[in-house]
2 protein chains.
Amino acid sequence: MPVQPSKLRARRRAETRRAIQEHAVRLFTERGYDATTVVDVAEAAGMSPMTVYRHFPTKEDLVLVDEYGALVAERIVAQPAAQPPVRRIGNALVDSAATLTGRGRGEGPSASEEFLLARLRLMISTQALRARHLDNHYVLQQAIVDALGYDTTDPDTVFRAQVAASACLAAMHTALVRWVEDDGRTELPTVIAKALAAAFGEVTVGTDPDA
Amino acid sequence: MPVQPSKLRARRRAETRRAIQEHAVRLFTERGYDATTVVDVAEAAGMSPMTVYRHFPTKEDLVLVDEYGALVAERIVAQPAAQPPVRRIGNALVDSAATLTGRGRGEGPSASEEFLLARLRLMISTQALRARHLDNHYVLQQAIVDALGYDTTDPDTVFRAQVAASACLAAMHTALVRWVEDDGRTELPTVIAKALAAAFGEVTVGTDPDA
DNA sequence: CATGTGATGTTAGTTACTACCAATCTGGTA
DNA sequence: TACCAGATTGGTAGTAACTAACATCACATG
């Protein structure tokens, strides 16, 4: 019984996964999401459709990998618990975005950021993807509420936390759309901070523009 | 040439539409959304699957009729334009909810409200429906921004309006979930007002002194 | 080297949905 | 009354996203 599933196998698995996803995003961008079949993706990646389905349960998942959730949750707990929830969540969102896009100072959009942009473009323009993406927010909302660590026995407290989380996420999503429309020229954390400020006033983020 | 498409025909059409939807929601509730095929719905309604598809373009649409959008938009323009956008939108959302559930005469949950609850329960518990429902918010957001009637040439103003709209809608959705979990015992407008207050502070709605 | 586990392929089936064409029914008119 | 135009419905066939079941292959570990 192998305690670790053979690091080499894991790597290969991750590699094919990435390969499939890259081909998928490329094809979706070139021909459009709906006009591209899973069979097309499989052929482009040089494997059978079944293999694609083994790595990505649905066609939508070929675009919608979520690295963001865990990131945000861990930042939440790092925030001082005394501050109002909207501020804690807002800071976590801004920080996570900084980590995710993480570009060094003068650098333009990196290759991975270019890929992120391509995925987001698809997520925003394609109905099916947009819908699932927004539904992921739903899950993320729960994660945030849990991470806030409030008294879960008081329904009112939970409700307030849920509202704060969903509203913050919605603001962030709008910021994301803006960022994509701008082709990622501006800095994502800044845009998010602006969105949060617009929604909740200056109480939200200390902006802490750059470190 | 008929100037109006024959009111009688329109009524019949609306009737079959309603019949299909009622059977659909009933079956979905009884057996589950995924376990119920469109053919099942068609059979229950006593017609061919094609007819169902003629009235509802997708299976999801059998649950997701949106009466809310137009309602909200028209309330927005009715609000005094001087107030902050979050307040205008918030008031519109609360008012629209009041109109929609409209149980002014102390009747308790009406039959139509019971139906609304059943639909919302499905929308919240079923992934596909939840996703599409949230995507509808996306459309609604645009409608709200348009209705606000701000200067659309200034991208920053538009951005702020978009953020306000999306955040308000997210808060409202959370309220909706809460309302459903409570089986509609509380009054929807009150819950929404509470959610908005939790998100944006007391600046939002002035209609409810208790809480 | 033997062996078992995980990755891959093949096939057949279900279901949502989309043309395309035929039948039928409705409401108003000559 | 008889009939026409348009609206509603039904049937057939096809596409595409999945799913389940079984066979095969590769490779890491004993």
Side-chain angles (χ1 to χ4, degrees), chain A residues 1-21 23-25 27-28 31-64 122 126-133 135, chain B residues 1-21 23-25 27-28 31-64 122 126-133 135:
Chain A
M1 176 193 276
V3 183
Q4 41 186 343
S6 170
K7 283 213 185 256
L8 210 157
R9 275 215 162 112
R11 170 154 39 191
R12 289 203 89 155
R13 186 170 173 78
E15 236 170 68
T16 58
R17 220 185 116 86
R18 200 180 49 84
I20 294 173
Q21 204 191 25
H23 282 288
V25 171
L27 289 181
F28 291 162
R31 312 180 193 173
Y33 178 81
D34 293 315
T36 308
T37 74
V38 176
V39 176
D40 292 338
V41 175
E43 276 174 7
M47 56 190 66
S48 108
M50 271 309 303
T51 305
V52 174
Y53 278 117
R54 287 240 171 65
H55 287 267
F56 298 90
T58 75
K59 185 184 176 186
E60 292 151 5
D61 286 304
L62 286 166
V63 182
L64 298 171
L122 285 169
T126 309
Q127 210 246 24
L129 295 175
R130 200 173 48 218
R132 278 262 336 237
H133 181 234
D135 189 54
Chain B
M1 51 184 69
V3 183
Q4 41 186 342
S6 171
K7 287 223 186 253
L8 209 157
R9 273 207 166 122
R11 171 154 40 191
R12 292 203 97 158
R13 186 171 174 79
E15 238 170 65
T16 60
R17 220 185 116 87
R18 202 179 49 82
I20 295 174
Q21 204 191 24
H23 283 288
V25 171
L27 289 182
F28 291 160
R31 314 180 192 172
Y33 178 81
D34 293 315
T36 309
T37 73
V38 177
V39 176
D40 292 338
V41 175
E43 275 175 7
M47 56 190 66
S48 108
M50 277 304 307
T51 306
V52 175
Y53 278 117
R54 287 242 170 63
H55 286 268
F56 298 90
T58 75
K59 186 184 175 185
E60 292 151 5
D61 286 304
L62 287 166
V63 181
L64 297 171
L122 286 169
T126 308
Q127 208 246 26
L129 295 174
R130 199 174 50 218
R132 278 262 336 237
H133 179 235
D135 190 54

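A donor-acceptor contact under 3.5 Å is not formed by the side chain of A/R54 with the base of C/dG6.
At the phosphate of D/dT8, neither OP1 nor OP2 sits under 4.0 Å from any side-chain N or O atom of B/H55. Applying the 4.0 Å criterion to OP1 and OP2 of C/dG9, one finds that A/T51 has a side-chain N or O inside that range.
Heavy atoms only, all atoms of each residue included: B/S48 and B/A42 are closest at C-CB, 3.8 Å. Of all heavy-atom pairs between A/R130 and B/D135, the closest is NE-OD1, 2.6 Å.
Atom CZ in B/R12 sits roughly 16 Å away from atom C1' in D/dG6 (whole-Å rounding).
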Polar-atom pairs under 3.5 Å, protein N or O versus N or O of nucleotides 15-17 of chain C: list them with distances, or write none.
unit_1	atom_1	unit_2	atom_2	d
C/dA16	OP1	B/K59	NZ	3.1
C/dA16	OP2	B/V38	N	3.3
C/dC17	OP2	B/K59	N	2.5

Are there any protein N/O atoms within less than 3.5 Å of an N/O atom in nucleotides 11-13 of chain C, and if so, which ones and at what distance?
none

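How far OG1 of A/T16 is from CE of A/M47: 6.0 Å, rounded to the nearest 0.5 Å. The line from CZ of A/R132 to CZ of B/R132 is 15.0 Å long, rounded to the nearest 0.5 Å.
Counting heavy atoms from C-beta on, the side chains of A/Y33 and A/Q127 never come closer than 4.5 Å. Considering only heavy atoms from C-beta on, B/L62 comes within 4.5 Å of B/V52 through its side chain.
Among A/D40, A/L129, A/V63, the one residue that satisfies the side-chain contact (heavy atoms from CB on, under 4.5 Å) test with A/F28 is A/V63.
With sequence neighbours left out, B/R13 forms a side-chain hydrogen bond (donor to acceptor under 3.5 Å, both in side chains) with no residue at all.
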